[in-house]
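What follows is a short report on a single structure.
Note that ligands are numbered from 1 as they come in the structure, with each ligand's atoms numbered from 1 the same way.
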Amino acid sequence: MITVIANLKGGSGKSTVAFNLAVWLERNGRKVIGYDLDPQCTFSDLGMLRREIGNKPDIEIHSVRAVLGEQLMAHGECEVLVDVGAANMAAMKEAMATADRVLIPVPPSQADVWATQRFLHIVSPDMEVVRLNGRHRTMAFVNRADTNLSIRETEETEEALRMLPGIDEVMPQRLKMRTSFRRSLSEGLAVFEMWPRSKAADEFRVLATALYPEVVGQMN
Ligand SMILES: Nc1ncnc2c1ncn2[C@@H]1O[C@H](COP(=O)(O)OP(=O)(O)OP(=O)(O)O)[C@@H](O)[C@H]1O
Ligand SMILES: [Mg+2]
């Protein structure tokens, strides 16, 4: 399956989610091919850091300026994860037009809802083609949700996302704001490798399992 992780706004957690998903899938016995279409190269840098440190399993992540649809589809049974950035819109659109689904992390704020709306508007002609093929899904979820339950922004953001044309599903599996995501990345590790019993790890596993329900293995 080809999953593109996308959103216009920087810092929404695309690379963090792509990297953690890649490690989770590999550790659960799936072969992953990652493509990093963002000139910032965070996703591929994380793969390289992981290799340099010697963390296993190794994750194959290619840093490329563009990727053709046929190239993505050629991976057949592998799980393909594509991290994209707003700096390379042409490559983003090409990847999205080939994807089976687009996963959109959204921080909980009105500004992020607007940015997501704009993003969906910009890519909608490309998405419509794919939607007609009946293959495509867009799934949004809140990343960096507040840990304080009395703060209403997360619910409000989910509610606003549900109203946006172009989103097929607002996933209820949120990731909260946890410093362990940042700290594990700097060690080339997924959060559930560094702190397997942390809340961040639990939340991430719930999200990953919802995205890949057929993958059930030692990390669950
Ligand atoms: N749930 C979270 N809790 C805490 N920190 C997070 C969370 N998700 C992401 N981060 C941190 O926020 C920063 C931005 O995340 P990331 O680089 O994944 O975003 P991005 O969408 O890929 O950004 P860009 O558009 O610049 O590529 C990173 O330092 C990352 O570790
Ligand atoms: Mg990134």
- Could you check His62 against Phe43 for ring-ring contact (aromatic ring centres under 6.0 Å, His included), going step by step and ending with a plain yes or no? CA-CA 9 Å; His62 303 276; Phe43 187 29; over 10 Å; no
- Query: Does the side chain of Asp112 come under 3.5 Å of the side chain of Ser109 through a donor N or O and an acceptor N or O?
  - Reply: yes
- Hey, does the side chain of Arg101 reach the backbone of Arg137 with a donor-acceptor pair shorter than 3.5 angstrom? no
Identify the protein atoms, limited to N or O, that lie within less than 3.5 Å of an N or O atom of ligand 1, and list each pair with its distance to 0.1 Å.
residue: ligand 1; atom: 1 (N); partner: Asn143; partner atom: OD1; Å: 2.8
residue: ligand 1; atom: 1 (N); partner: Lys176; partner atom: O; Å: 2.9
residue: ligand 1; atom: 3 (N); partner: Arg178; partner atom: N; Å: 2.9
residue: ligand 1; atom: 3 (N); partner: Arg178; partner atom: O; Å: 3.2
residue: ligand 1; atom: 8 (N); partner: Asn143; partner atom: ND2; Å: 3.0
residue: ligand 1; atom: 12 (O); partner: Arg144; partner atom: NH1; Å: 2.6
residue: ligand 1; atom: 18 (O); partner: Ser15; partner atom: N; Å: 3.4
residue: ligand 1; atom: 18 (O); partner: Thr16; partner atom: N; Å: 2.8
residue: ligand 1; atom: 18 (O); partner: Thr16; partner atom: OG1; Å: 2.5
residue: ligand 1; atom: 19 (O); partner: Gly13; partner atom: N; Å: 3.1
residue: ligand 1; atom: 21 (O); partner: Ser12; partner atom: N; Å: 3.1
residue: ligand 1; atom: 21 (O); partner: Ser12; partner atom: OG; Å: 3.4
residue: ligand 1; atom: 21 (O); partner: Gly13; partner atom: N; Å: 3.0
residue: ligand 1; atom: 21 (O); partner: Lys14; partner atom: N; Å: 3.0
residue: ligand 1; atom: 21 (O); partner: Lys14; partner atom: NZ; Å: 2.9
residue: ligand 1; atom: 22 (O); partner: Ser15; partner atom: N; Å: 2.9
residue: ligand 1; atom: 22 (O); partner: Ser15; partner atom: OG; Å: 2.9
residue: ligand 1; atom: 23 (O); partner: Gly11; partner atom: N; Å: 2.8
residue: ligand 1; atom: 25 (O); partner: Lys14; partner atom: NZ; Å: 2.8
residue: ligand 1; atom: 26 (O); partner: Gln40; partner atom: NE2; Å: 3.0
residue: ligand 1; atom: 27 (O); partner: Asp38; partner atom: OD2; Å: 3.2
residue: ligand 1; atom: 27 (O); partner: Gln40; partner atom: NE2; Å: 3.2

- With a 4.5 Å heavy-atom cut-off, do Ile59 and Glu26 have their side chains touching? yes
- Task: Around the Mg ion (ligand 2), list the protein N/O/S atoms within a radius below 2.8 Å, excluding water molecules.
- Result: Ser15 OG
- Query: Is a salt bridge present between Arg152 and Glu155, judged by a nitrogen-to-oxygen distance below 4.0 Å?
  - Reply: yes
- Query: Can you say whether the rings of Phe192 and Phe204 are parallel (under 30°), tilted (30 to 60°) or perpendicular (over 60°)?
  - Reply: parallel
Let me check something: any side-chain donor-acceptor pairs from residues 13-21 under 3.5 Å, sequence neighbours excluded? List them with distances.
residue: Lys14; atom: NZ; partner: Lys9; partner atom: O; Å: 3.0
residue: Ser15; atom: OG; partner: Asp83; partner atom: OD2; Å: 2.6
residue: Asn20; atom: OD1; partner: Val191; partner atom: N; Å: 2.8
residue: Asn20; atom: ND2; partner: Thr16; partner atom: O; Å: 2.9

- All ring-ring contact (aromatic ring centres under 6.0 Å, His included) counterparts of His121, not counting sequence neighbours: none
- Side-chain heavy atoms of Arg174 within contact of Phe141, under 4.5 Å: no
